[in-house]
Amino acid sequence: MSCLKKIKIIKPDDWHVHLRDEKILKKILRYTEMFYQRAIIMPNLNQPIIDYKKAIFYKHRIINATQLNTKFEPLMICYLTKETCLKELQYGFLRNIFIGAKLYPNQSTTNSNTGISKISEIFHVLELMQKMKMPLLIHGEESNINIDIYDREAKFIETTMIPLRKTFPELKIILEHITTKEAVDYIEENNSSYLAGTITPHHLMLNRNNMFINGIQPNLYCLPILKRKVHQNALRKAISNGSTRFFLGSDSAPHLYKHKINIFGCAGIFNAPSSLLCYITVFEEMKALKHFESFCSKNGPNFYNLPINQKTITLIKKPYKILKKISIGKDFIMPFLSGETLEWSIL
Ligand code: NCD
Ligand code: ZN
């Protein structure tokens, strides 16, 4: 009889993932499907998902690329631009094509060059979203290159979030992939049913020093960038105290190895093969396993007003070796923690 430690939880959802398209989509989707029942699919393709027709076609391409027969459900998001059409957005939301819309500050991250330069440009859109109770997902960083890269999230809260929430107090906002103590404090202090945050596995496991151990590690370059250890600790504490305002968003963001190891290397960490196992590792280290299921499977749907999944999955304390690379034609992608072994696996 096996006496390995096991944990059975409601099958989680990933509230922030990049699946890309075509060859990459076909190769990586199975990892998200394996661990997650639903996922919010980021709209920052090379041709961003800016209208409901694009979203419908992209959703079909994703469903056609599924491999595991898990009835995986992609949840689509509209990429906001200064040209976003109110009628389009309203139709997309009321017809359940979009479950939310995403604000990328202009030039803040991958494919954000059609993002928003000045938030007042889209106040009419935000007003409609508030009225329709349509969630707004935010990449919360100032994109001004004169602001230190390590301060851009804290600065965004001060100069954009606080005034924005005064103007639209009933707009449902998810501050995505938070990385700082300032963001944790801001969400906790507000303890509002209109504000939540997602946290990635890499920001829980690492801090900015990790990017420079044994030489520069481009695989650990992501945006928002890894921060100091005090911030990492604030995130770890936030998930351990069981607050329902934080939930899972892996920000798994694959780039071909040749685009990461490049003179202008891309930001993004591909963690889909291990994200859930990384999260459980951290919850166990923090002696907070009792809050693990809520973080993965309940807080997200409760915030988005969606049903909680019926299926369950079981994680087991048994070594799990993360694959070294995933080939994509002649190229390949190197996953987060490539070739390393975690203590948890999926049954
Ligand atoms: C993401 C990507 O590559 O699309 N990169 C990242 O570092 N997280 C974009 C994003 O979510 O910022
Ligand atoms: Zn992302």
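As the structure lists them, so they are numbered: ligands from 1, and atoms in each ligand from 1.
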Practice item. Would you confirm whether the ring centroid of Trp15 sits within less than 6.0 angstrom of the ring centroid of Tyr304? Key: yes

Review point. Where does Met42 meet ligand 1, judged by heavy-atom distances below 4.0 Å: at the side chain, the backbone, both, or neither?
Key: neither

Review point. Is the Phe247 ring parallel, tilted or perpendicular to the Phe303 ring (thresholds 30°, 60°)?
Key: tilted

Review point. What is the name of the N/O/S atom in Asp251 that sits closest to the Zn ion (ligand 2)?
Key: OD1

Check your understanding: Just wondering, is there an N, O or S atom on His177 that's nearer than 2.8 Å to the Zn ion (ligand 2)?
Key -> no

Check your understanding: Which bit of Asn44 is near ligand 1, meaning a heavy atom under 4.0 Å away: side chain, backbone, both or neither?
Key -> side chain

Exercise for review: Mind telling me whether Tyr91 and Tyr52 have parallel, tilted or perpendicular rings, with 30° and 60° as the class edges?
Suggested key: tilted

Point to revise | Under-4.0 Å heavy-atom contact with ligand 1, by part of Ala253 that carries it | key: side chain

**Study point:** Aromatic centroids of Phe295 and Phe246 separated by under 6.0 Å
**Key:** no

**Study point:** Under-4.0 Å heavy-atom contact with ligand 1, by part of His16 that carries it
**Key:** side chain

Revision key, fill the gap. The atoms of ligand 1 lying under 4.0 Å from a heavy atom of Gly268, numbered in the order shown, are 5 (N), 6 (C), 7 (O)

Exercise for review: Mind checking whether His259 contacts ligand 1 via backbone (N, CA, C, O), side chain (CB onward), both or neither, at a 4.0 Å heavy-atom cut-off?
Suggested key: neither

